[in-house]
Amino acid sequence: MIAFFIAINIQKIVLQNNIIVYCFRVILISILFFLLAKIGLTFSFVQSNITLFWLPSGLGIAVLLILGRKYWLGSSIGAFLANYFTEAPIGFVFAAVIANTLEPLISHFILTYLFDFNKQLSRLKDIGLFLFFAVLLSPILSAFVGVTGLCLNGMLEWKRFFDAAFSWWAGDAFGILTLGALLLTWFFHFPIKNTLSKTTEGLICILCIVAIQVIIYFDFNLFLPVKYFTWFIFPLLIWASIRFSQKVAIAFAFIAMIIAVVGTINNHGPFFTGSINSSLILLYSFISVIMVNTLTLTATIAERLEKENAIINLNRERDTLFNSTDDFIWSVDRNFNLLSANLAFIERIEKVSGKTLEKGNSLLQIHSYSPEILKFWQNLYERALAGESIKTEFTGAANNALSKSSIDLNLKPIYRDNTIIGAACFGKDITERKRAEESQKKSEQQLRLALSGGELGLWDWNFSTSELDMNDRWLTMLGLDPGDPKPNIDSWSSRVHPEDIGKLYTLTNNVILNPNGKNFETEIRALHKDGNYIWILDKGAVVERDNDGNPLRIVGTHMDITARKLAESDLIKAKEQAEAANKTKSEFLANMSHEIKTPLNAIIGFTDLLVISNLNDTQRQYLNIVLQSANSLLELLNDVLDFSKIEAGKLELHMEKVDLFELINQVVDVINFRALAKGIQILLAIPTNTPRFIWTDPIRLRQIMINLLSNAVKFTTHGQIKIIIETNYYNPQNMDANINFSVQDTGIGISKENQVKIFEAFAQVDSSNNRKFRGTGLGLTICNDLLALMNSKLEVNSELGVGSIFTFSLFLKVEYGKNIFIQNKIEIDKTVNEVPNGNKFKVLVVDDDLVNLSLIKTIIRNILPLATILDAANGKEAIEVFTKEQPDIILMDIQMPEMNGHEATVEIRKLERTRDTPIIAVTAGTTDMNKKE
Ligand code: ADP
């Protein structure tokens, strides 16, 4: 079994791989063991290798307890070497080895595996275990094995077995009790931390111990016989035990013991009886008592110290904990005096009263508090001291404080042995919280006021729970009773007008789904309880989002805007009515102008005819005046007609490809006569890069240009007028261009303030002008309105007395054709129309107005005396005549009863297959002339 045990141990050692360290330590232990054994063997019984001074056993047990049981080998080798060189038979040597190996092993096993043994010997329990198992029991086994070895090898008679065994046990027990205890206490307590005064005291103590021991055990006879001093070691060791640490006390005891042993061995001291053995046994019994006392005393003190330390640490931790908070913690005794308090409490009282509170100070004598406040506190303490647990709030101010502070209070009685010895108090300063609560309350109040003042309904939509909360106004706005169950988000949506719900969803979704979306605002209709829809201005904002940007809360307001909406719709209606009235007026004007133009045409026509008939000079002069006046009237009517048409929204543009050069020529043709009459030259500035063809409404462009040009002629007395055409930009891909048209004159000019006015309808620069220059004040307005239809406008640049330039620019589709180069001066081509003159030539004149019909017929007869002139009163008759007579040309009025000129032309075009009879429209003007049928 032993072999097996050894094998396992060796295996463990090897496996641990620290073989070198292990070997080194084992050798060291062996040497130490050997040396101590050698000292011990010096005191052995003559023939028996039994010694009363066996320190190696102390080394053996300490080594195993400190380093581990694998170091048993050190004791074994040490024991072997020590006994081998004593001439003892080898059998005994082995017995001694087994005894010295088993002894520490068995102690180690019992203490380590069977008990909760603390190797530092710092508890009384450890001292007890150590004394009983290591000191008392384990040497018994060693003594039994060792003495058996002696007897078996004939070194001792069997009859002396117990005697020898006792000696063996005593030597071993002594070694364990002294050296074992010393090593165990010292090994675990390094390093020594001592103050200087403690060191001095220690030195004095050890000097006293050494002195007294030397005096006692080396027979220094002073005044009294030394044996009376034997017990003096006790108070000294008690001193050491109480004042110093356990290890110091044991070290001192060990030194005292060594001196005693050395003295006794040298035949000195109170325990020397003449025989070394009995002397040592006496001494050992004495030393044992000392050691056991010292050990137990130091352990007791160590244990108490540990507890005290634990309490001190606990108190320190508690104090740190209490002082680390800003809350107030304190306790009062039954007389309202301070028992304990944390830093925050002391500081607060100090701040309030300027006094540093100390334990025992009365808490009801803080003079900076008013008597009422102190009364409040007294009442609280009294209630707590009567056994009540109190939770309350204190609000008050010290006499010197500017503002009140609020404290949340908790008071509880403190019990000791079932009686109340005081009250524990806990206070939390909630002044800031209170203030925040109050300001929140205030702002809530203000908000409520604002909401009720603004008649606003408030809603709060918790997006995550889908809960909808609202104030009473929100409900009453919809005719709901605040007491009724509140609507949820679905029932609210169902109240929204079907035409508005989509808009509301889109808006809210935009805000909700976009993590940066904040506000929305919309006007919707919502169903009132009375069945009508009311208009609501719904405003909302996301006020809370989670980390992923999903909305958590959306809050908003409702405002009843029904009244405003009704007013708005009334306004819109009124505007529409006004517009309609204006339109009717314009239509009336347009119709009226047309009606006036028809007879006017006749007046002009017949007057024209009359002028060239046989008249005397006075008659001709009068007729010329009539003719001039009629022409002016016609011009005015044309302007009024255009203006009314534009106002009535009847005027449309008809785009077509136009030869720009031809158009400009025509314009100049119209005006040139008047210009030449005034001695003014009209110049053209048209660069070669100007496109020949443009897509525009030629009639309207011509009208604008004629208007500008005739104004220029009208307001210019000398100098020249220039038409400038510039191409600002041309895109060959899209074939579009931006062309500037300008008319520049050297006339009277317009002042800056009047430059704005002239574009207003009927506005002229001044009345004197009006008298000097004829006109309606509509020309520029019409030009501007026409240009607005072409996405442009007139601009004027003018200086009084210097001249004016009127400009507009048009974005047009263009085409570059063969450029006819026109430079500066314009020659007027008088084109003579070639007209057929044969008697077979048939002209059909269609007009419902008999005067007009007669006028046209007279004019034709004047031009073509041999022609056959046919007539018809409306479209229907015209078709009949056309079918019967096949006329060469038709002059067709547009507005006629039964069938108008348009319809008649369409029918005629259907009837003729082979040829296109020229049909010339003759009209007073409201009808679209551009439609080619
Ligand atoms: P009107 O029929 O009176 O000419 P317009 O609208 O054409 O009406 O012109 C308004 C006013 O603008 C004119 O009465 C005139 O005072 C001023 N005006 C227009 N063109 C010129 C110009 N080229 N030079 C000076 N004044 C001009």
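If you read the sequence from its start, that first residue is 1, and numbering goes on from there. Numbering of ligands and ligand atoms starts at 1, following listing order.
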**Q** Side chain to side chain donor-acceptor pair (under 3.5 Å) with Glu815: which residues, sequence neighbours excluded?
**A** Lys657
**Q** Looking at Lys573 and Glu576, is any side-chain nitrogen of the basic one under 4.0 Å from a carboxylate oxygen of the acidic one?
**A** no
**Q** Does ligand 1 have any atom that is closer than 4.0 Å to a heavy atom of Phe759?
**A** no
**Q** Closer than 4.0 Å to some heavy atom of Lys714 - which atoms of ligand 1 meet that?
**A** 1 (P), 2 (O), 4 (O)
**Q** Mind checking whether Phe808 and Phe741 have parallel, tilted or perpendicular rings, split at 30° and 60°?
**A** parallel
**Q** Identify, by atom number and element, the atoms of ligand 1 in contact range of Ser804, meaning under 4.0 Å from any of its heavy atoms.
**A** 24 (N)
**Q** Select the closest option to atom 6 (O) of ligand 1 among Leu780, Leu800, Ile750, judged by heavy-atom distance.
**A** Leu780
**Q** Quick test of your reading of the structure: of Asn707, Asn711, Ile782, whose heavy atom lies closest to atom 20 (N) of ligand 1?
**A** Asn711
**Q** For atom 11 (C) of ligand 1, which of the options Leu794, Ile758, Val743, Leu778 provides the nearest non-hydrogen atom?
**A** Ile758
**Q** Looking at ligand 1, does Gly747 have a heavy atom less than 4.0 Å from it?
**A** no
**Q** Would you please indicate yes or no on a ring centroid separation below 6.0 angstrom for Tyr816 and Phe693?
**A** no
**Q** N/O to N/O below 3.5 Å, does that happen between Asp745 and ligand 1?
**A** yes
**Q** With sequence neighbours excluded, what pairs up with Asn740 under the side chain to side chain donor-acceptor pair (under 3.5 Å) test?
**A** Asn728
**Q** So how far is it from Lys813 NZ to Thr696 OG1, rounded to the nearest 0.5 Å?
**A** 13.0 Å
